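Proteins get letters first, then strands, A, B, ... in listed order; numbering begins at 1 in each. This one's a predicted model, so the numbers in the text were calculated from it and none came from an experiment.
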There are 2 protein chains.
Amino acid sequence: MAKDKAFDRVPVALTPWERFEEYLCARGMRKTAQRRILVEYVFNQHDHFDVDTLLARLPRRGQPRHVSRPTVYRTLGEFVDAGLLRKFELDGRSVYEHDYGYPQHDHLHCQRCQRLIEFQSDELLALRDRVAYAHHFRVSGHRLIVTGLCASCWEAPRRRGRRAARGS
Amino acid sequence: MAKDKAFDRVPVALTPWERFEEYLCARGMRKTAQRRILVEYVFNQHDHFDVDTLLARLPRRGQPRHVSRPTVYRTLGEFVDAGLLRKFELDGRSVYEHDYGYPQHDHLHCQRCQRLIEFQSDELLALRDRVAYAHHFRVSGHRLIVTGLCASCWEAPRRRGRRAARGS
DNA sequence: TTGCGTGCAAAAGGTTTGCATAAAT
DNA sequence: ATTTATGCAAACCTTTTGCACGCAA
């Protein structure tokens, strides 16, 4: 697994929050409680998530550290701008994943259990750049999603996947 | 955009309409005027399109060969099921492209002019299958979109792309 | 005749926005 | 004291659905 090949970014010296502080400061934006809470919840576990998942993890409305849905949307957008998160679409919904401190990677998406499996391939990057070059195309990024069935789902086709399918 | 730089593969024995007739017949579905009209409009030109684009090409409401929006959605879904079209998401919107008679391919997507440039790579397929194999993953398909700037857009950065950006 | 397919209007689902208020600087 | 950020509600946008009528078989 290629380590330091993705972005020539400074080796993660700063925590996500510190890095976000830089971003906020650089833009004259404010360090609010909500932003701190969201950094904490988002970077506590390395996993893919959508807005509803994140909201479900957060305290309910009325509870101490609750953050409203619009603020979650706005803040996740800031995380993306700040380079902390990457965003992509899956079945019409936005899915976010950690970007800061993680190398570029792509996904295998199980159609049955909805699991997202990450993989990293330098070959793919090289291939992508070669194709782009041939088309005089300036690459800024890419997204590859391979769909199919994960091992647990096709090995035991009658059982449900390890993870519940979306929508309960 | 995808002219017929095509990688014409599979000798197409049936026209899209004939093939759709088979599909309809096999499922006991009916050959309606709207389905015929849509096959015609969709396969008249080889190009990517979304529902709004297609509706804009069709006669307006009240005109002879108009087809309603819900029927367009329903019928495009049937085309996908029938293997005539492939569907993917771009910026939250559904985009369709010809499947019947065209080999698997992927896209370069210009962020400025929104152009979609097709490319085909056997290497990519091999790579995909190798990665999947390593993860014991059963591949059913994939989608790769490389984003960046097409030649015309970065060569003449101050001019607009050949195609208007959406929303005009 | 039978019942599938269509069109209309309305619903749904996810995301964004206007605005008054709360909080950061 | 300013001015940005938040929360609420409502708007938005694309896609889907309920239902009465029309048309294919």
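Residue B:V67 places its side chain closer to C:dG7 than to any other of D:dT15, C:dG7, C:dG5. Set against D:dT15, D:dC8, C:dG5, the side chain of A:R61 has D:dC8 as its closest nucleotide. Among the nucleotides C:dG14, D:dA5, D:dG7, the one closest to any side-chain atom of A:Y73 is C:dG14.
Rounded to an integer number of Å, the gap from CD1 of A:I37 to P of C:dA24 is 11 Å. One atom, CG of A:D91, and another, C1' of D:dT15, lie 14 Å apart when rounded to the nearest Å. Separating the CG atom of A:L38 from the C1' atom of D:dA5 is a distance of 12 Å, rounded to the nearest angstrom. Atom-to-atom, CD of B:Q34 to C1' of C:dC4 comes out at 12 Å; the value is rounded to the nearest Å. If you take CD of A:Q63 and C1' of D:dG7, they are 17 Å apart, rounded to a whole angstrom. The interatomic distance linking A:D52 (CG) with C:dT15 (P) rounds to 7 Å, in whole Å. The distance between atom CG of A:D50 and atom P of C:dG14, rounded to the nearest whole Å, is 8 Å. Taking atom NZ of B:K31 as the reference point, atom P of D:dA25 lies 6 Å away to the nearest angstrom.
Listed pair B:S94 / D:dT14 fails the phosphate criterion, with no side-chain N or O lying under 4.0 Å from OP1 or OP2. Contact check, B:T32 against D:dC23: no side-chain N or O comes under 4.0 Å of OP1 or OP2. Residue A:T71 places at least one side-chain N or O closer than 4.0 Å to OP1 or OP2 of D:dG7.
Using a 4.5 Å cut-off on side-chain heavy atoms (C-beta onward), B:S94 and B:Y96 make contact.
At a threshold of 4.0 angstrom between heavy atoms, the contacts of B:S68 include nucleobase atoms, whether or not backbone atoms are also involved. Nucleic acid contact class of A:R74 (heavy atoms, under 4.0 Å, all strands): base.
For A:R30 against D:dT4, a side-chain-to-base donor-acceptor contact under 3.5 Å is present. Contact of A:R69 with C:dG14 (side chain to base): no donor-acceptor pair of N or O atoms is detected under 3.5 Å.
Contact between A:Y73 and A:V51 at its shortest, heavy atoms only, is CE2-CG2, 3.5 Å.
Separation of atoms CD (B:E97) and NE2 (B:H107) is listed at 4.0 Å; rounding is to 0.5 Å.
A salt bridge is defined here as a Lys NZ or Arg NE, NH1 or NH2 lying under 4.0 Å from an Asp or Glu carboxylate O, and B:D52 with B:R69 meets this definition.
Both A:M29 and A:V95 lie near DNA chain C, and the one whose nearest nucleotide falls closer to the 5' end is A:V95.
Between A:H105 and A:F119, the gap from one ring centroid to the other reaches at least 6.0 Å.
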